[in-house]
Amino acid sequence: MSKRIDELTEKLKLKPDQVFYRFSLAQAFLDEDNHTLACRELEKCVQAKPDWLIATLSLGRTYLQLGKIEKAKQNLELSLELARKQNHDDPAAEAEQLLKECNSSN
C-alpha cells in the first residue's frame, strides 16, 4: 500500500467519522486500481452523506468498472437524481452516459 493510503488510514483511526478522509482514501485506492476497497470506502461515504453527489457518482462509476452492473445502475440513477436536484449539469451528463454504458452491458 502507498504512503498516502497509510496516512489516510491513520487519520481515519483518529477520526473515523471524517467522510472527507474516507473519500480521499477511496480515491487513493482507485489510483492503485483497487476498485473493491474503493467501493467499500465510497459506500461508507454515501451512508454517512446520502446526498453527496460526487461520492454517489464515483461509487456508480467504480461498480461499473468492477462489472457490478445492478449496483452501478442503482448509484448512477441516484447520482442523476441528485445532480438534477442540485442543478449540476456536468455530473448529470456523466451519470446519463454511464447509465447508457450499464444498459449496453446487459
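For the numbers below, each heavy atom of this structure counts, side chains included, while hydrogens, waters and symmetry mates do not.
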By side chain to side chain donor-acceptor pair (under 3.5 Å) - contacts of [X] (at least two apart):
X   : value
K3  : none
Q97 : none
H35 : Q65
S2  : E32

Using a 3.5 Å cut-off and no angle test, enumerate the donor-acceptor pairs between side-chain atoms of residues 36-54 and protein atoms at least two apart in sequence or in another chain.
residue: E41; atom: OE1; partner: R22; partner atom: NH1; Å: 2.5
residue: E43; atom: OE2; partner: Y63; partner atom: OH; Å: 2.6

- prompt: For E77, which residues count as a salt bridge (charged side-chain N to carboxylate O under 4.0 Å, His left out) partner, sequence neighbours excluded?
  reply: none
query: Looking at residues at least two apart in the chain, or sitting in another chain, which of them share a salt bridge (charged side-chain N to carboxylate O under 4.0 Å, His left out) with K85?
result: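 K85 satisfies salt bridge (charged side-chain N to carboxylate O under 4.0 Å, His left out) with E81 only.
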Considering all heavy atoms, the nearest A28-I5 contact: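 Where A28 meets I5 most closely, the heavy atoms are CB-CG1, 3.6 Å.
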message: I need the full list of ring pair (Phe, Tyr, Trp, His ring centres under 6.0 Å) pairs touching residues 78-97, with sequence neighbours left out, sorted by first then second residue.
response: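 Not a single pair qualifies under ring pair (Phe, Tyr, Trp, His ring centres under 6.0 Å).
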Set of residues satisfying side chain to side chain contact (heavy atoms under 4.5 Å, CB included) with respect to Q74, sequence neighbours excluded: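 Only K71 meet the side chain to side chain contact (heavy atoms under 4.5 Å, CB included) criterion with Q74.
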From [X] [atom1] over to [Y] [atom2], what is the distance, rounded to the nearest 0.5 angstrom?
X   : Y    : atom1 : atom2 : result
L64 : C102 : CG    : SG    : 4.5 Å
E94 : L57  : CD    : CG    : 4.5 Å
R84 : D89  : CZ    : CG    : 10.5 Å
L59 : F23  : CG    : CZ    : 10.5 Å
F29 : L8   : CZ    : CG    : 9.0 Å
S24 : Q27  : OG    : CD    : 7.5 Å

task: State whether the side chain of N103 and the backbone N or O of L99 hold a donor-acceptor pair below 3.5 Å, judged by distance alone.
output: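 Yes, the answer is positive, given that a donor and an acceptor are paired below the 3.5 Å cut-off.
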query: Quick one: do Y21 and V19 end up in the same hydrophobic cluster if we chain Ile, Leu, Val, Met, Phe, Trp and Tyr together by side-chain heavy atoms under 4.5 Å apart?
result: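 No, because Y21 and V19 fall into different hydrophobic clusters, even though each may have its own neighbours under 4.5 Å.
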